[in-house]
Trainee: 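Here you go, one structure.
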Number of protein chains: 2
Amino acid sequence: MTPAKTSDKKAQPGTDLGLLPGLVGYQLRLAQIALFRDFARGPGELEVTPGLFGVLVIIEANPDLKQSDLARATQLDRSTVVTVIDNLERRGLVERRAALNDRRSNAIRLTADGLALLRKLKRQVSQHEKRLLSNFSAAERETFLALLLKVFPEHR
Amino acid sequence: MTPAKTSDKKAQPGTDLGLLPGLVGYQLRLAQIALFRDFARGPGELEVTPGLFGVLVIIEANPDLKQSDLARATQLDRSTVVTVIDNLERRGLVERRAALNDRRSNAIRLTADGLALLRKLKRQVSQHEKRLLSNFSAAERETFLALLLKVFPEHR
DNA sequence: TACTGATTGTTGGAAGTCCAGCAATATTGG
DNA sequence: CCAATATTGCTGGACTTCCAACAATCAGTA
């Protein structure tokens, strides 16, 4: 959930990056940027960012979710979730209902359109992952995933 | 180079994350977010983001760098570099000089203050890396770095 | 039950980033 | 040498995100 459309930027080889390439933090950052740029790519490009995709998946998996819980699950601020849901609601992918037991909360759920889009997105994301890991063996993929989880274990 | 100060958000265990946790792209994203949040942490907190740190390192390693080259090296847009340099210049860490051979370009270099700050930052970043990899053996660190580089090899 | 404190969604303001387009300057081809 | 093209830094507008503060509502306690 950040800007970045589809510009094809490559690193400038002529420039000295100093100590950066040896920093795991730096490479993690670069990989994430590249990931974001690649996400929307591919034949059937749908107007969704990795963050929005995550939001839709979580809403599908947790019908009538509260916005605050969504915020916690996605690591977004509550106020950001307001904007995000505004966006998705305007596009008819999601709807806010009154929660049953709590008059403060909204119960968020996918609309039929939202569900249909999510189906397409899942296929697209699957392609994206394939592309991402095209150089990886199955074992490497597992190792990579395990190491990523190890970075900040307290956060999951 | 993104917002995010120091809020202590943890994942909500009660919420089903669906297929997300199995996606390398998702875990990469999460790790990057956690990385960002941790970056400024620590005893001597200096007001710099990972992105700004990278900018300073590159400027130090390439005296009289042009803004456009900086943009390519940092994967930022040229217009974003304008803002970033404005910021650093206002803080007296960096200066724009007229380039010698090209009247369009600026030659960016660190000021004495910038260099001094960068020294401190390097120590801080080193601590950050240690924290980041506190659960990693040396071999795991190497493996992790190698796998990160493998994600989008065409970009380096 | 009535207070006190927490939680929920929202708004407003700030920051960082992107893209499209601009004028000034460089570079290249005829 | 000149015209066409490319590059450079910059501005303006749009997004996304954050934080701080708020009113409404809920939950726990005296």
Side-chain angles (χ1 to χ4, degrees), chain A residues 1-9 12 14 29 32-33 36-37 39-40 47-55 64-91 94-108, chain B residues 1-9 12 14 29 32-33 36-37 39-40 47-55 64-91 94-108:
Chain A
M1 221 112 62
T2 320
K5 290 289 179 294
T6 328
S7 44
D8 221 339
K9 294 179 183 170
Q12 170 85 343
R29 189 180 145 73
Q32 155 66 21
I33 292 175
F36 197 103
R37 294 220 173 97
F39 190 82
E47 295 281 317
V48 172
T49 60
L52 275 189
F53 172 71
V55 167
D64 290 340
L65 190 65
K66 294 194 296 184
Q67 289 181 202
S68 287
D69 288 338
L70 182 56
R72 278 184 282 270
T74 53
Q75 311 266 347
L76 292 173
D77 192 85
R78 282 203 325 281
S79 64
T80 305
V81 170
V82 173
T83 311
V84 168
I85 298 296
D86 281 351
N87 177 354
L88 294 177
E89 199 172 35
R90 193 174 345 106
R91 290 155 75 174
V94 139
E95 52 185 8
R96 279 185 242 239
R97 308 197 168 195
L100 298 179
N101 308 323
D102 190 336
R103 269 185 299 175
R104 295 168 301 177
S105 319
N106 297 325
I108 310 294
Chain B
M1 219 111 63
T2 319
K5 290 289 179 296
T6 329
S7 43
D8 220 338
K9 294 179 185 171
Q12 170 86 341
R29 187 180 147 74
Q32 155 66 22
I33 292 175
F36 197 103
R37 294 218 174 99
F39 190 83
E47 295 281 317
V48 172
T49 59
L52 275 190
F53 173 71
V55 167
D64 290 340
L65 190 63
K66 295 194 297 184
Q67 290 182 202
S68 287
D69 288 338
L70 182 57
R72 278 183 282 269
T74 54
Q75 311 267 347
L76 293 173
D77 193 84
R78 285 205 319 282
S79 64
T80 305
V81 170
V82 173
T83 311
V84 168
I85 299 296
D86 281 352
N87 177 355
L88 295 177
E89 199 173 36
R90 193 175 344 106
R91 290 156 75 175
V94 139
E95 53 186 6
R96 280 185 241 238
R97 309 198 169 193
L100 299 179
N101 308 323
D102 190 336
R103 269 185 299 175
R104 295 169 301 179
S105 318
N106 297 325
I108 310 294

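Quick note: numbers below take in every heavy atom, side chains included, and nothing from hydrogens, waters or symmetry partners. Letters go in sequence order (proteins before strands), and every chain restarts at 1. Because the structure is predicted, anything quoted here is derived from the model rather than measured.
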Trainee: Go through the structure and list residues passing side chain to side chain donor-acceptor pair (under 3.5 Å) with B:S105, not counting sequence neighbours.
Mentor: B:D102
Trainee: Rounded to whole angstroms, how far apart are CG on B:L76 and C1' on C:dG16?
Mentor: 10 Å
Trainee: Please determine if a side-chain N or O atom of A:R103 lies less than 4.0 Å away from the OP1 or OP2 oxygen of D:dC26.
Mentor: yes
Trainee: B:F36 CZ to D:dT16 P: how many Å, rounded?
Mentor: 18 Å
Trainee: Could you write nucleotides 3-8 of chain D as a row of B, S and -, 5' to 3', where a protein heavy atom under 4.0 Å of any base atom gives B, of only sugar-phosphate atoms gives S, and otherwise -?
Mentor: ---BBB
Trainee: How close or far is atom C1' of D:dA14 from atom CZ of A:R90, stated in whole angstroms?
Mentor: 12 Å
Trainee: Is it the case that the side chain of A:E89 and the backbone of A:R96 share a donor-acceptor pair, with hydrogens and angles ignored and the cut-off at 3.5 Å?
Mentor: yes
Trainee: Does B:D77 use its side chain to pair, donor to acceptor, with the backbone of B:S79 at less than 3.5 Å?
Mentor: yes
Trainee: I need the CG-C1' distance between A:N87 and D:dC15, as an integer number of Å.
Mentor: 10 Å
Trainee: Could you check if a side-chain atom of B:T49 sits within less than 4.5 angstrom of a side-chain atom of B:F36, using non-hydrogen atoms only?
Mentor: yes
Trainee: Calculate the interatomic distance between A:D77 atom CG and C:dA15 atom C1'; express it in whole Å.
Mentor: 14 Å
Trainee: Is A:T83 side chain donor-acceptor paired with the D:dC15 base, going by distance under 3.5 Å alone?
Mentor: no
Trainee: In whole Å, I'd like the distance from the CD1 atom of B:I85 to the P atom of D:dG9.
Mentor: 10 Å
Trainee: Restricting to side chain to side chain donor-acceptor pair (under 3.5 Å), what partner residues turn up for A:S68, sequence neighbours left out?
Mentor: none
Trainee: So, OP1 or OP2 of D:dT16: does either fall under 4.0 Å of a side-chain N or O from A:T80?
Mentor: no
Trainee: Please determine which of A:K66, A:R72, A:Q67 meets the side chain to side chain donor-acceptor pair (under 3.5 Å) test together with A:D69.
Mentor: A:R72
Trainee: Calculate the interatomic distance between B:D86 atom CG and D:dG12 atom P; express it in whole Å.
Mentor: 12 Å
